[in-house]
Every structure is written in C-alpha cells, then in structure tokens.
Amino acid sequence: MANDASTVFDLVILGGGSGGYAAALRGAQLGLDVALIEKDKVGGTCLHRGCIPTKALLHAGEIADQARESEQFGVKATFEGIDVPAVHKYKDDVVSGLYKGLQGLIASRKVTYIEGEGYLSSPTSVDVNGQRIQGRHVLLATGSVPKSLPGLEIDGNRIISSDHALVLDRVPKSAIILGGGVIGVEFASAWKSFGADVTIIEGLKHLVPVEDENSSKLLERAFRKRGIKFNLGTFFQKAEYTQDGVKVTLADGKEFEAEVLLVAVGRGPVSQGLGYEEAGVAMDRGYVLVDEYMRTNVPTISAVGDLVPTLQLAHVGFAEGILVAERLAGLKVVPVDYDGVPRVTYCHPEVASVGITEAKAKEIYGADKVVALKYNLAGNGKSKILKTAGEIKLVQVKDGAVVGVHMVGDRMGEQVGEAQLIYNWEALPAEVAQLIHAHPTQNEALGEAHLALAGKPLHSHD
C-alpha cells in the first residue's frame with residue numbers, strides 16, 4: 001500500500017452521506033483540512049435512495065389523489081393513470097439537481113473528495129484506491145442498508161427492498177408490505193395513491209409503533225378510510241413464490257398473497273469488513289458505539305449517522321456530523337437531545353412529532369403529573385379548506401413545560417419547526433398561547449391547542 005505521508009489531514013471521513021458530508025462541510029468552514037471518501041455518490045442514502053426520492057413519489061401520489069378528488073372542490077379534472085417513466089424522470093431530476101448542488105458545495109469548501117471504497121487500516125488512516133490516507137482524526141460515517149428477517153431473502157424480483165421499490169418499472173397491482181414503520185407506511189401511501197391494492201403486515205400492535213399511540217390510531221383510521229389494509233400484532237413466519245406472485249404466512253397461520261412483497265423492517269449498519277473491529281473500535285450488533293459527543297472508545301475515531309445506534313434520520317446525521325467537526329475545531333459543543341429531534345412520516349396524512357409520548361411522560365414523571373390535550377383539526381379553518389382530518393396532541397408536565405407535541409394531518413410536517421422550539425425551549429402553554437398565529441393557517445392549530453391547554457380555548461370546546 002502506497003503511503004503518502006506528506007499529507008496528513010486534520011479529518012478523514014469514511015462515508016459521504018448526511019453525517020459524513022455535513023462534517024466535511026462544517027470542518028472545512030472551520031479551517032480543518034478534510035478528506036471525504038465515498039464509494040458511491042456523495043449524499044448517500046438520503047439523497048439517492050431515501051428521503052428525497054421517496055418524498056418525490058409521495059408528492060406524485062398526492063397529485064394523483066387530487067386529480068381523482070378534484071370535483072369535491074368544484075374543479076372538473078380527469079385522472080388518466082400513472083406514467084411510471086415520467087414519475088421516475090421527475091424524481092430523478094429532483095435528486096440530480098440536489099446532487100449537483102452538493103458536489104458544488106464540497107468543491108467550493110475545498111474538501112478533498114476521493115471516490116472509492118475505503119477501509120480503516122489503523123486508528124489514523126483509511127486505505128482507498130491503493131493509497132493510504134492519513135488523518136489526525138477519522139470519522140466513520142458508512143451509513144446503513146435495508147435489512148431483512150432470518151430466512152427471508154430479498155431477491156429484487158418479487159421480494160424487494162425500498163431500494164428496488166424506488167426504481168420499480170411499474171405500479172404493482174397488489175403489494176404486501178412487511179413492516180408498518182416509517183418506510184412501510186410511506187410506500188403503502190404512495191402505492192395506494194398510484195392505484196395498487198396494499199396490505200401492511202406489522203408484528204407490533206400499531207402502525208408507526210414508536211409514535212404516540214394516539215397518532216398511530218389516527219393513522220390507522222385514515223388508512224382504513226383510504227382502503228389501505230393492515231394486519232397488526234402477529235409476526236411474519238415465511239414467504240414463498242406462487243405462480244404469479246408471493247404468499248406470506250404469519251405466525252398464526254394467516255396467509256396473504258400479492259404481486260410483490262416489500263420488506264420494510266428497518267435498516268442495518270454498514271460496518272462489516274471495513275476494519276473497524278481490527279482497529280479496536282467497540283461494536284454492538286454491527287453498530288459502532290459512541291458517547292454523547294460521538295466519540296468511540298478509540299481516541300482518534302468518531303462515528304455518526306445510521307452507523308451508530310441513534311435515530312436513523314438524515315437531520316440527525318447532519319447534527320452529529322456538525323458536532324464532531326466543531327468539537328475537533330475546538331468549539332464548545334452540546335450533545336444532541338434525541339427527544340428534541342423533529343420526526344415526520346410523510347404518508348397521507350402526515351404524522352409529525354417532537355418530544356416524548358404520553359406513555360413515556362407518565363413513566364418518567366408519574367401518571368398524576370402528566371396532562372394531555374387533543375385539539376381536533378375539525379376546528380381549524382385551513383384544515384377544513386384542505387379537507388384534512390387529524391389532531392394535535394400536547395403532553396405537558398402538570399403546571400410545567402410541554403414535553404411532547406404529536407400531530408396527524410396533511411402538511412403537519414411543516415408545523416414541526418415551531419413544535420421543536422416549544423419542546424427544546426421548555427415552553428409553558430401560557431407562553432405559547434401569548435403568541436399570535438396567522439389565520440387561517442394549519443399552524444394556527446398549534447397555537448389553538450396551547451390556548452386550550454393554558455385554559456383559554458378559542459375555537460375549541462372547554
């Protein structure tokens with residue numbers, strides 16, 4: 001291995017996804033000499049196979065639904081079908097534009113970008129393309145890939161992952177989706193809008209099971225209304241090919257058949273065969289273990305993003321990458337409060353939250369110290385105009401701050417910005433109630449919910 005010892009970077013980053021490139025951009029901005037190594041395309045899963053392309057598909061599905069339902073708004077329109085190649089072109093154009101912009105950003109910050117598959121060869125070096133890249137510090141940011149279950153092989157044909165679903169050359173007539181978490185319900189929503197017959201299989205007792213139970217129940221009600229079927233509370237046993245599709249059998253013997261099976265049971269870390277364990281990095285089930293400052297047990301190595309056992313969200317990767325860059329540059333940094341991270345599931349209707357659930361609040365503070373309030377969107381003018389149903393639920397420590405905001409309804413993801421300020425600034429309901437929210441907006445519903453919690457409801461009943 002050729003060793004170019006003449007260049008020792010301040011920071012060598014292995015992986016150019018959300019966490020890796022955020023660390024590279026911020027590090028370079030702070031005067032660090034940064035090398036960024038990526039085997040595929042900078043931007044990683046989020047930009048190329050995750051957040052961005054899936055949301056483009058969901059928006060195309062929203063347009064299809066609007067065309068079908070236009071007459072209820074007094075507009076005569078006809079829905080003639082889904083042009084799959086055109087949908088992919090729209091999606092790919094969005095991704096391509098962002099990718100070019102990101103490449104330009106990296107070049108403008110003078111980050112040394114190296115395309116190739118890297119290997120951690122020591123606590124201070126990464127081997128790539130026959131060259132040893134030396135660094136005073138190494139950041140591991142190799143991300144994640146779709147995972148499966150024991151005995152269930154994803155073949156890319158009839159049993160597919162989200163990666164395959166994003167490039168599928170047709171709308172399946174019918175689909176079984178194994179997993180009712182974020183990925184599962186988003187694809188269920190998009191495919192239903194495109195005209196597929198969809199069934200979700202979720203082993204736990206609710207869809208989006210990490211959300212507040214009230215949000216899960218509201219989503220289940222909305223999905224029933226949309227004709228999206230789901231089976232809850234029984235785990236998967238096996239899948240097998242039929243003459244023209246796939247048959248799924250559950251632990252209770254119940255069977256489901258469809259054209260395709262989308263396996264959406266989560267994502268696992270990319271860490272095997274990359275030299276991490278050989279360099280002495282502590283691991284658990286493939287994840288790299290870190291402290292609150294993203295430091296591993298090896299002083300010269302940090303890790304961020306889906307590779308570490310924190311929330312698998314692009315914006316969490318951004319925050320963790322920035323934290324590492326700022327720490328290495330000598331700035332004072334504050335650990336990420338993962339409860340304070342906004343979370344959005346972009347199905348129809350959207351599910352958005354920040355803070356903790358009512359159940360978690362009762363666990364922490366005691367049931368008698370927790371107050372919960374639900375504000376129905378039926379009382380919100382803009383939601384009426386949009387014909388969306390849902391609720392905003394607030395969780396408060398009695399006589400104290402709001403510790404959870406849970407929202408279900410169209411465009412609720414756009415309201416989560418104010419919600420995260422409420423949680424992270426430990427706002428009291430009376431303090432939020434003093435603020436004037438524009439009318440008519442859906443954002444106003446967040447203000448109305450706090451008015452009600454402060455004991456002075458306006459457009460809601462006492």
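In this chain, residues are counted from 1 in sequence order. Keep in mind it's a predicted model, so treat the numbers as computed, not measured. Only heavy atoms go into these numbers, but all of them, side chains included; no hydrogens, no water, no symmetry mates.
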If we ignore angles and hydrogens, is there a donor and acceptor under 3.5 Å between the side chains of [X] and [Y]?
X	Y	answer
Ser193	Glu62	no
Asn214	Glu391	yes
Asp410	His348	yes
Tyr276	Thr142	yes

Nearest 0.5 Å, what's the [atom1]-[atom2] distance between [X] and [Y]?
X	Y	atom1	atom2	result
Asp306	Glu320	CG	CD	9.0 Å
Leu219	Glu350	CG	CD	11.0 Å
Glu257	Glu240	CD	CD	8.5 Å
Phe236	Lys238	CZ	NZ	9.5 Å
Glu292	Tyr338	CD	OH	9.5 Å
Ser189	Leu58	OG	CG	5.5 Å

For [X], look at atom [atom1] and say whether over 12 heavy atoms of other residues, nucleotides or ligands are found less than 6.0 Å away.
X	atom1	value
Glu414	CD	no
Gln66	CD	yes
Lys55	NZ	yes
Arg68	CZ	yes
Glu69	CD	yes
Arg295	CZ	yes
Lys360	NZ	no

Is Lys41 positioned over the aromatic face of Tyr99, cation under 6.0 angstrom from the ring centre and no more than 45 degrees off axis?
yes
Residues passing the ring-ring contact (aromatic ring centres under 6.0 Å, His included) test with Tyr21, sequence neighbours excluded, are Phe318
Donor-acceptor under 3.5 Å ([X] side chain, [Y] main chain):
X	Y	value
Glu153	Asp155	no
Glu448	Gly379	no
Glu202	Gly180	yes
Glu259	Lys173	yes

Give the minimum heavy-atom separation between [X] and [Y], together with the two atoms involved.
X	Y	value
Asn380	Thr441	ND2-O, 2.9 Å
Met412	Gln442	CE-NE2, 3.4 Å
Lys192	Arg226	CE-O, 2.9 Å
Ala56	Tyr90	O-CE2, 3.3 Å

Could you walk me through whether Val246 and Ile176 satisfy the side-chain contact (heavy atoms from CB on, under 4.5 Å) test, starting with their C-alpha distance in whole Å, then the side-chain angles of each, then the deciding distance to 0.1 Å, before giving a yes or no?
CA-CA 9 Å; Val246 183; Ile176 297 166; 5.7 Å; no
Side chains of Phe187 and Ser162: closer than 4.5 Å at any heavy-atom pair?
yes
